[in-house]
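Quick notes on the structure that follows.
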Amino acid sequence: MKDQVEMSSICGNDYLSVDYLRALQLERLRKTVAHTYENVAFFRNRLDELKLKPDDIRSLDDIRRLPFSKKVDLRDTYPFGLFACPLSEVVRLHASSGTTGKPIVVGYNEHDLEIWKEVVGRALLCTGLSSKDVVQVSYGYGLFTGGLGAHYGAEHIGATVVPTSGGNTQRQIMLMKDFGVTAICCTPSYFLFIAEKAVEQGIDLKTLPIKTGIFGAEPWTDQMRKLIEESTGIKAFDIYGLSEIIGPGVAIECPHQNGLHIFEDHFYPEIINPETGEVLPDGETGELVLTTLTKQAFPMIRYRTRDITRIISEPCACGRTLRRIARIATRSDDMFIIRGVNVFPSQIETALLSVEGILPHYNIILYTESGMDNIEVDVEINDKVFSDKVREIEMLNAKITRAIENIIGLRVKVKLVAPNTIQRSEGKAKRVFDHRVR
Ligand code: DLL
């Protein structure tokens, strides 16, 4: 009975004909624009300034006539200024920390929660999970959307949910083993920590039933995926989302892992040149802009995510007609400029993990010395290397320095540190520390 619910009623929209999907998107876009215009003064004023009416949106391309929205709009209207229904109809609030003081707040009515559990459910099914799985949710529960988002999605497909939230890692491993957990949802950095603790406890994850990881909420690289898969024997899937749009469940990889399918019947994607705002064709890299097509309490129109990716429109071997986005290696605001060179943390991770003998735990420290900006990369080495002779450690240091220089084109200071000295994360990892003098 549970199995029948799964594929037929939940995933139908993964396989719509492209023409039908576009028509559905247009119909939903028009509704969303009209609903937002009617109920959100902030949006109405912007459209009025542009002398635009909701009825002017007649084709999907007309979306380009609509103004972008940004994180600062949420901040300026804190806490509920962008809500499109009275608070009495809102049944859930979530919030994500902004860079300055106040968080950004998002709201859901009952209909929105239904959509959320549908898209997360579809996401989990897309990776091959089913009602037979026992899913440990180790994303944080609370204002962060990760825990509750994954929770209700997993319940929706009839899986058995183990709601551990983040933290208390030893206990997480005990429950994973005792409950026969088959899949885990958490940040990739937290899973690394769990895997490390399991080794310390003498538990080999490869001998447990766990076979799938649903990892997201932070950037991670293919190198990190390889390392996780090889050391733990699970298959690691990338899941993407953001609070402003819904939370987790905007996009996910299928077993072919050549990009993340976007649930396009609910979220309309565009890629823009972040400098000019110009819309770029599929295949070109730029900033992802998302429009919600079905949300009611907190609709978002042309939200600039700051996440850098490209749309992949070639058909996928899985048969889903949903377009994909390339793995998000970086946010435009994560990039730092050192001596005129644009550097992304993911480039440093890629370089580090290409070198043998180091552990996937690192910090990137930006500092100023004699008026010049520099990068120091502190990286842990494994016990074996740590006990090696000074000369061998020096050689490893030179190798890492070269690997980074080859990728970013800058010589950085590399510091090899003892195992277990870099702070582990139970949620989103913080890896960049900016101590530059401005
Ligand atoms: O991180 C929602 C989420 C929870 C997604 C659990 C996946 C799993 P926020 O806290 O609002 O929401 O942060 C959103 O995190 O704009 C990206 O910059 C980053 N991010 C999320 N997923 C990925 C991913 C949740 N798979 C911000 N790869 C987004 C890279 C990601 N970055």
Side-chain angles (χ1 to χ4, degrees), residues 69-71 74-75 93-99 103-108 116-117 119-120 122-124 126-127 135-154 163 165-166 183-191 213-225 228 236-253 257 259-263 267 269 274 287-290 292 298 300 303-310 324-335 344-346 349-350 425-432:
S69 37
K70 290 187 178 167
K71 198 168 221 158
L74 278 97
R75 240 173 250 147
L93 296 175
H94 279 283
S96 90
S97 48
T99 37
I104 57 137
V105 185
V106 299
Y108 307 73
W116 195 11
K117 68 186 190 199
V119 287
V120 177
R122 280 163 71 185
L124 300 179
C126 184
T127 67
V135 180
Q136 183 159 345
V137 178
S138 308
Y139 286 118
Y141 280 62
L143 289 173
F144 175 53
T145 53
L148 288 167
H151 180 106
Y152 286 108
S165 192
I184 187 165
C185 303
C186 62
T187 59
S189 58
Y190 188 43
F191 189 68
I214 310 290
F215 300 139
E218 63 184 11
W220 54 306
T221 57
D222 264 331
Q223 286 73 10
M224 187 68 92
R225 182 197 329 255
I228 288 175
F237 290 89
D238 194 0
I239 184 168
Y240 169 77
L242 62 164
S243 319
E244 297 89 317
I245 295 302
I246 203 156
V250 173
I252 185 120
E253 287 176 327
Q257 299 196 316
L260 291 77
H261 290 281
I262 308 177
F263 294 106
F267 315 111
E287 179 180 343
L288 178 65
V289 171
L290 289 167
T292 62
F298 191 76
M300 259 294 148
Y303 185 69
R304 291 189 59 163
T305 64
R306 316 298 293 168
D307 294 322
I308 304 295
T309 183
R310 71 194 149 84
R324 285 157 285 155
I325 46 172
R327 173 186 215 109
I328 289 166
T330 194
R331 287 176 61 79
S332 52
D333 20 3
D334 281 349
M335 185 188 83
F344 291 101
S346 57
E349 180 173 301
T350 300
S425 122
E426 292 176 352
K428 294 183 192 249
K430 177 166 169 55
R431 295 197 170 103
V432 179

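In what follows, residues are counted from 1 in the order of the sequence shown. Indexing begins at 1, ligand by ligand and atom by atom, following the structure's order. Heavy atoms only: backbone and side chains are in, while hydrogens, waters and symmetry mates are out.
Checked against a 3.5 angstrom limit, the closest N/O atoms of Arg331 and ligand 1 fall inside it.
Counting heavy atoms closer than 4.0 Å to ligand 1, residue Asp307 contributes side-chain atoms (C-beta onward) but none from N, CA, C or O. Using a 4.0 Å cut-off between heavy atoms, Arg306 makes no contact with ligand 1 at all.
Side-chain contact between Phe344 and Arg331 is absent, with no heavy-atom pair separated by less than 4.5 Å. In this structure, Asp222 and Gln257 have side chains that are not in contact, with every pair of non-hydrogen atoms separated by 4.5 Å or more. Using a 4.5 Å heavy-atom threshold, the side chains of Leu148 and His94 count as touching.
Listed by atom number, the atoms of ligand 1 under 4.0 Å from Gly216 heavy atoms are 7 (C), 8 (C), 26 (N).
For atom 25 (C) of ligand 1, the nearest protein heavy atom (residue, atom name, distance) is Gly241 O, 3.6 Å. Nearest to atom 8 (C) of ligand 1 among the protein's heavy atoms is Tyr139 OH, 3.4 Å. Atom 11 (O) of ligand 1 has as its closest protein heavy atom Ser243 OG, 2.6 Å. Among protein heavy atoms, the minimum distance from atom 22 (N) of ligand 1 is reached at Ala217 N, 3.0 Å.
Using a 4.0 Å cutoff on heavy atoms, Lys428 counts as a contact of ligand 1.
For Glu287, the salt bridge (charged side-chain N to carboxylate O under 4.0 Å, His left out) partners at least two apart in sequence or on another chain are Arg304, Arg306. Asp334 meets the salt bridge (charged side-chain N to carboxylate O under 4.0 Å, His left out) test with no other residue; sequence neighbours excluded.
Distances from atom 24 (C) of ligand 1 to the heavy atoms of Glu218, Glu244, Glu253, His94 put Glu218 nearest.
Using the six-membered ring where Trp is involved, Tyr141 and His151 have ring planes that are perpendicular, over 60° apart on the 30 and 60° scheme.
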